[in-house]
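All remarks here apply to the structure that follows.
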Amino acid sequence: MSRSWSASLIVIVALIAALSLLTPLSSLLELRRTDPDLALALIEELRLPRTLLALGYGAVLGMTGAALQATFANPLASPDITGSSSGAALGAVAGSYWLGITGPLALAACGAAGAALALAALFAIAGRRSETATLLLAGIAIALAAGAGTSLLLALAPSPFAFYDSFEWLMGSFVDRSLPQAAAALIPAAIACGLLASHGKALDMMALGDDVAGSVGYRPRRLAVDVVALSAIAVGACVSVCGAIAFVGLIAPYAARTITRGHPGQALLPAAAIGAILLLLADLIVRVAPAGRSIPVGVITTAIGTPLFIWIVVRMRRTVAS
């Protein structure tokens, strides 16, 4: 990716993050005029965790989506399509409502475990370089199974309000999250994404074929296992705090590949930046909902992502037919 694109994405991310901290501005200015300390507390305790989670979670979805697409050699591989987000939600629900886990780090571990199991199942069923139809069917099956498991655990949970309490969380929300929760999600996710980014050159070589990658010293299967495990840790940690958010992991890598001219390894960082931009914008859209009404951020990303997903599938079918 050229330096101009890099600088542009960084500036856009910074501007939207600042806008997220300040929106809505009118209430912030009014508080600052009447009670400056309360205005500062509003930013530090409510808006800062929300902005950090939207920015970090979006970056995680973008980078892991790009890494999974490179690993599976398929532009439709993403955390939600492969079932890892649903698996992470299942793991977090099991830990929260059935194991009595309340600590943010422990819940993040439960989410990572669920995501890892989902990706391992996909790896076993579909294979690493699967056909599009095989990948889609396996991913849909795993996501449906994980979703059914999550619903069953919530229906049988000791708390009769489990479904109500978890609705926004399962659909994705950054509302009323704290800085400790943000740290629990983003610190392990940042470590995992840092390790993923270090595999960028290897993923570029894998795009040329396993034989080519092996001839220069890379071990394709070991690399694939590393990508799956690191993606599971990053996605699982975020899902355990914010819930499952769809389609960002599909849209961001797709846009990033156009910038990097199809190089999957070079697309990791721009995909992270684009993912952060998309999720910050989606969270800003959520804030215009009527007072007293809360719209899960996953509803916005799904509404935007579904038409693009259909367009990608149709385009792939036409390419195969021609």
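Everything quoted here is computed from the prediction, not taken from an experiment.
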Indicate yes or no: at least one non-hydrogen side-chain atom of Gln69 is less than 4.5 angstrom from one of Asn74.
-> no

Transitively linked via ILVMFWY side-chain contacts under 4.5 Å: Leu68 with Ile233?
-> no

Output the distance between atom CG (Leu137) and atom CD1 (Ile125), rounded to the nearest 0.5 Å.
-> 10.5 Å

Spell out, as yes or no, whether a donor-acceptor pair under 3.5 Å connects the side chain of Ser231 to the backbone of Val228.
-> no

Closest non-hydrogen atom pair, Pro253 against Gly62 = CG-O, 3.5 Å

May I ask you to test the Leu90-Leu117 pair for a side-chain heavy-atom distance under 4.5 Å?
-> no

What pairs with Leu22 under side chain to side chain contact (heavy atoms under 4.5 Å, CB included), at least two apart in sequence or on another chain?
-> Leu25, Leu28

Shared hydrophobic cluster for Trp98 and Leu152 (ILVMFWY, side-chain gaps under 4.5 Å) | yes

Report the C-alpha distance between Leu250 and Tyr254 in whole Å, list the side-chain angles of each, state the deciding distance to 0.1 Å, and finish with yes or no for side chain to side chain contact (heavy atoms under 4.5 Å, CB included).
-> CA-CA 6 Å; Leu250 177 72; Tyr254 186 83; 5.9 Å; no

Between Pro188 and Ala237 the two heavy atoms that sit nearest each other are CG-CB, 3.9 Å

Main-chain N/O of Glu30 paired to Thr34 side chain as donor or acceptor, under 3.5 Å = yes

Does any N or O in the side chain of Ser84 come within less than 3.5 Å of the main-chain N or O of Pro79, such that one atom is a donor and the other an acceptor?
-> yes

Ignoring hydrogens and angles, tell me if any N or O in the side chain of Arg287 forms a donor-acceptor pair with the backbone of Ser20 under 3.5 Å.
-> yes

Closest contact, heavy atoms only, Ala271 versus Ala252 | O-CB, 3.4 Å

For residues Cys193 and Val60, report the shortest heavy-atom separation together with the two atoms involved.
-> SG-CG2, 3.9 Å

With a 4.5 Å heavy-atom cut-off, do Ile304 and Phe247 have their side chains touching?
-> no

Any side-chain heavy-atom pair of Ile300 and Val286 under 4.5 Å | yes

Please report the closest heavy-atom contact between Ala256 and Ala267, naming both atoms and the distance.
-> CB-O, 3.7 Å

Taking atom CZ of Arg32 as the centre, does the number of heavy atoms from other residues, nucleotides or ligands within less than 6.0 Å exceed 12?
-> no

Stepwise, does the side chain to side chain contact (heavy atoms under 4.5 Å, CB included) test hold for Leu223 with Tyr218?
-> CA-CA 8 Å; Leu223 179 62; Tyr218 294 114; 5.5 Å; no

To the nearest 0.5 Å, how far apart are CD1 in Ile277 and CD1 in Ile251?
-> 13.0 Å

Does any non-hydrogen side-chain atom of Leu107 lie less than 4.5 Å from one of Val241?
-> no

Criterion side-chain contact (heavy atoms from CB on, under 4.5 Å) against Leu230, the qualifying member of Val225, Val235, Leu195 | Leu195

In Å, rounded to the nearest 0.5 Å, how long is the span from NE2 of His263 to CZ of Arg257?
-> 13.0 Å

To the nearest 0.5 angstrom, please state how far the CG atom of Leu278 sits from the CG atom of Asp283.
-> 12.5 Å

Flag, side chain of Thr258 to backbone of Ala255, donor-acceptor distance under 3.5 Å = yes

Nearest 0.5 Å please: distance from the CG atom of Leu48 over to the CG atom of Leu42.
-> 11.0 Å

Between Arg33 and Leu31, is there a donor-acceptor pair closer than 3.5 Å when you use the side chain of the first and the backbone of the second?
-> no

Following the transitive rule for hydrophobic clusters with a side-chain heavy-atom cut-off under 4.5 Å over Ile, Leu, Val, Met, Phe, Trp and Tyr, establish whether Leu308 and Leu76 coincide in one cluster.
-> yes

Flag the pair Leu279 / Leu55 as yes when at least one side-chain heavy-atom distance between them is below 4.5 Å, and no otherwise.
-> no

Single-linkage hydrophobic cluster Val297~Val239, side-chain heavy atoms < 4.5 angstrom = yes

Going only through I, L, V, M, F, W and Y residues with side-chain contacts under 4.5 Å, is there a path from Leu122 to Leu196?
-> yes

Ile274 side, atom CD1; Leu61 side, atom CG - distance, nearest 0.5 Å = 13.5 Å

So which heavy atom on Val175 is nearest to which on Ser173, and how close?
-> N-OG, 3.2 Å

Pairwise side-chain contact, Leu179 with Leu52, heavy-atom cut-off 4.5 Å (strictly under) | yes

Donor-acceptor pair, Ser240 side chain versus Ala92 backbone, under 3.5 Å?
-> no

With the side chain counted from C-beta on, respond yes when Ile245 and Tyr57 share a heavy-atom pair under 4.5 Å apart, and no when they do not.
-> yes

